[in-house]
Amino acid sequence: MSIGSLLQRLDFLGRRIEDVFLATLLTLMILLAGWQIVQRNFVGGGMIWADELLRLMVLWLGLLGAMAASRDNRHVAIDLLLRFLPKKVKPSVQIMLHLFTAIVCGMLAFYSFKFVKMEHEYLTEVLTGLPAWWFELIMPIGFGMMSLRYLGHLRRTIYPLPEEVA
Amino acid sequence: MSALLAIVALFGAPLFAIIAAGAMWGFHSSGIDLTVMAIELYRLAEMPVLLAIPLFTFSGYLLGESGAPGRLMRLSRAFLGWFPGGLGVVALIACAFFTAFTGASGITIIALGAILYPALEQAGYEKNFNLGLITTSGSLGLLFAPSLPLILYGIVAQQAGGDIDVKLDELFLAGALPGILMLVLLGGYVVYKRRGKQLGGKITFAEVKSSLRESIWELPLPFVVLGGIYSGYFAVSEAAAVTACYVLLVEVFILREISLRKLPVIMRSSMVLVGGILLILGVSLASTSYMIDAEIPAKLFNYVQTHVEGRLTFLLLLNIFLLLLGAILDIFSALVLVVPLILPVALSYGIDPLHLGIIFLANMQIGYITPPVGLNLFIASYRFDEPVLTLYKSTWPFFLLLLASVLIITYVPYLSLWFR
């Protein structure tokens, strides 16, 4: 198997995992949020942990969504100047941009990891007794994946594999 | 450094990366450990109202993929299609309604444009007029509850600190009349252009009845959501949960217009948008904290206070600034970046935070159709396969009308604050 098709398979696998996670998480969120309203209005009593869990789910959805956006470079951007650049210069500018984004995401991953480690040491708890760092781990993972994705875009711009030239 | 970042931004680096880099640079130069970035980002998990963002966005995407836009169109046509220009007015109202629920992310043009464009063409609307009308309609409705930008403004204004109290339900009330003003001005123009032309059809009892029956499942939605929020029965995030559950139940299980196989795809594409917005919000929480630490809002405040005299001058400058901002920045980034900076300044000129929000969004709405980079111009160009230049030409009368309404909204605070 060539490196190209291996990369493609890895990419495909990553996308599938992300999609499954996103759909599952959103479905759970809708059901939980809906159930809470039913409970509050008709059954009586509420689950205190449900509010907190829903808020943590927002963080997870946000980062998973951001990961999904970075795989096709679909983040909000102003490409005012890029439109007017001559074709020859464009790739080198794009390389710089991907590198910049990859570095920023890498730094965010690094410092989120430091944060998670701190929370681990301080034994911070959420949801009445669970370690907070379990839920915070999505931050370093998310930013780490985004950094890798932008390095991938960088590689594709410099050296597109035969499989990627459509 | 900030100049460098601005250049990188203009070349098209993702905005979240720019904002994050700026915040990290700022924190670093004031000797603060950068773990603060993660702490700030984690605040995304500490705001209950944020739950509304994924839930409303998903509902909007699901509605857009279902047959709801077609039914909405048929229903409003059955009631309003009879006078000259009626169909154009139908287009405006249907789009405004749809955008309020989908949050002006360009889905309106894609979902409704496909139905409206051929319908207007068939009714003999001139091509340029048709294009301009639909492109403009794509961002109409931003000011109506429960649009995402309105919610986001409420969140950001609250986070901006101080003793500012911006209630979301009040914000929803504040947007109503200004939004209607835009509809009336644009609708008036459409009717004026179509005067003396053939009538759009007749109201027939049979058509009214059958279009009502067809939309029977979607009809309760606005009443439940808006009624629930305005009456104070639901918090905004609860209304979002009800909407998401209801739309899911109706479109997937009752009407069966969306297959279970297609559902994950819709979930994914809606969450890509949500991820983008939340990430920008998260990093801008960090950059706002830095700016408050560095007393940048206070410096801006002093600068503006010494150079700008009087409320009217300030409002005029604010309009110009926001129009320029809207032309280069998308509405979500503009909100999270700029509102914390201008809110304290605006307050000192005696501008109500609710009024400021409406002014802000109304200006940003124009940004969607402002050349050279207005988002809706490009979406419409792509969707209808017309050069962007054609769209510049076809949207300008609408642009002027929206500009007029923005000025009215800005200088007549009563429109936004009548309920006070």
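Letters go in sequence order (proteins before strands), and every chain restarts at 1. Every value quoted in this text rests on a predicted model; they were computed, and no experiment measured them.
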Nearest non-hydrogen partners of [X] and [Y], listed with the distance:
X     : Y      : answer
A:G34 : B:A241 : N-CB, 4.3 Å
B:A17 : A:V104 : O-CG1, 3.8 Å
A:V58 : B:L44  : CG1-O, 4.2 Å
B:A20 : A:L108 : CB-CD1, 4.0 Å
B:A38 : A:F115 : CB-CB, 3.5 Å
A:I37 : B:E238 : CD1-O, 3.3 Å

Within this structure, what is the [atom1]-[atom2] distance for the pair [X] and [Y], rounded to the nearest 0.5 Å?
X     : Y      : atom1 : atom2 : result
A:H75 : B:I18  : NE2   : CD1   : 12.5 Å
B:Y42 : A:M139 : OH    : CE    : 7.0 Å
B:F58 : A:L26  : CZ    : CG    : 5.5 Å

Chain B contact via [X] - side chain, backbone, both or neither, heavy atoms under 4.5 Å:
X      : value
A:L22  : side chain
A:V93  : side chain
A:T27  : both
A:V126 : side chain
A:M96  : neither
A:L85  : side chain

Which portion of B:L41 sits near chain A, non-hydrogen atoms under 4.5 angstrom: both

Quick one: what part of B:L55 sits under 4.5 Å from any heavy atom of chain A, side chain, backbone, both or neither? side chain

Does anything in residues 141-150 of chain A reach chain B? List residues with heavy atoms under 4.5 Å apart, or say none. A:F143, A:M146, A:Y150

